[in-house]
Amino acid sequence: MSKINDIQDEIIEEFEGFTDWMDRYAVIIDMGNAMPALDEKYKTSDNIIEGCQSRVWLQADYDAGKLHFTADSDAIIVKGIISMLVRVLSGHTPAEILDADLYFIDRIGLHDHLSPTRSNGLVAMIKKIKAYALAFQAQA
């Protein structure tokens, strides 16, 4: 299993060749499209992330001490953003997720190129993932 920072570095590398933000958005959209579909049974109000302008569902499963996330969104850019967070944080222990410094967001310039509402949504996604980690850590 790759470490969180190794996965972040992979994502940063995938964006290095693109300076134009339209190209970067295309990469983000491709990442979202490549994410496995979220089973319809998980598209419930319990799994909706509050604070996002578009609808974003996040399902967390805890198995053998590690959290596994699946997600979806009805907005293509947002789906790409949540897919990166899932890629970076899924398959790790709650402690690793809580300790993670998600530096890739700034390094790829994402924070500077999101509208205020999408930026709030990104923060809400991270908070929800960390809330799951905190809840499962408390159960361990």
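The model shown is predicted, which means the values in this text are computed figures rather than measured ones. Counting from 1, the numbers follow the sequence of the chain as shown.
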Under 3.5 Å, which donor-acceptor pairs do the side chains of residues 95-102 form with other protein atoms, sequence neighbours left out?
{"unit_1": "Glu96", "atom_1": "OE1", "unit_2": "His92", "atom_2": "ND1", "d": "3.4"}
{"unit_1": "Glu96", "atom_1": "OE1", "unit_2": "Thr93", "atom_2": "N", "d": "2.9"}
{"unit_1": "Glu96", "atom_1": "OE1", "unit_2": "Thr93", "atom_2": "OG1", "d": "3.4"}

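- For Thr19, there are no side-chain contact (heavy atoms from CB on, under 4.5 Å) partners, not counting sequence neighbours.
- Applying the ring-ring contact (aromatic ring centres under 6.0 Å, His included) rule to pairs touching residues 5-27 yields Trp21-Tyr25, Trp21-His113, sequence neighbours excluded.
- Partners of Asp30 according to the side chain to side chain donor-acceptor pair (under 3.5 Å) rule, which considers only residues two or more places apart in sequence or in another chain, do not exist here.
- Taking Ile, Leu, Val, Met, Phe, Trp and Tyr as hydrophobic and joining them when side-chain heavy atoms fall under 4.5 Å apart, one finds Leu38 in a cluster with Tyr42, Ile48, Trp57.
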Test Ile108 against Tyr103 for side-chain contact (heavy atoms from CB on, under 4.5 Å), laying out the working first. CA-CA 9 Å; Ile108 65 173; Tyr103 59 83; over 6 Å; no
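- In this structure, Asp39 has no side chain to side chain donor-acceptor pair (under 3.5 Å) partners at least two apart in sequence or on a different chain.
- In summary, the side chains of Asp6 and Gln8 do not present any donor paired with an acceptor at a separation below 3.5 Å, with no hydrogens or angles considered.
- With sequence neighbours left out, Asp106 forms a side-chain contact (heavy atoms from CB on, under 4.5 Å) with His111.
- Not counting sequence neighbours, the partners of Asp20 by the side-chain contact (heavy atoms from CB on, under 4.5 Å) test are Met22, Asp23.
- Applying the salt bridge (Lys or Arg N to Asp or Glu O under 4.0 Å) definition to pairs two or more places apart or across chains, those involving residues 67-86 are Lys43-Asp72, Arg55-Asp74, Asp72-Lys79.
- Applying the side-chain contact (heavy atoms from CB on, under 4.5 Å) test to Thr44 and every residue at least two apart in sequence or in another chain returns Asp46, Asn47.
- Classification of the Phe136-Tyr62 ring pair by plane angle, with boundaries at 30° and 60°, yields parallel.
- Every residue was checked against the salt bridge (Lys or Arg N to Asp or Glu O under 4.0 Å) condition with Arg24, not counting sequence neighbours, and none meets it.
- Among residues two or more places apart in sequence or in another chain, the side chain to side chain donor-acceptor pair (under 3.5 Å) test is passed with Ser119 by none.
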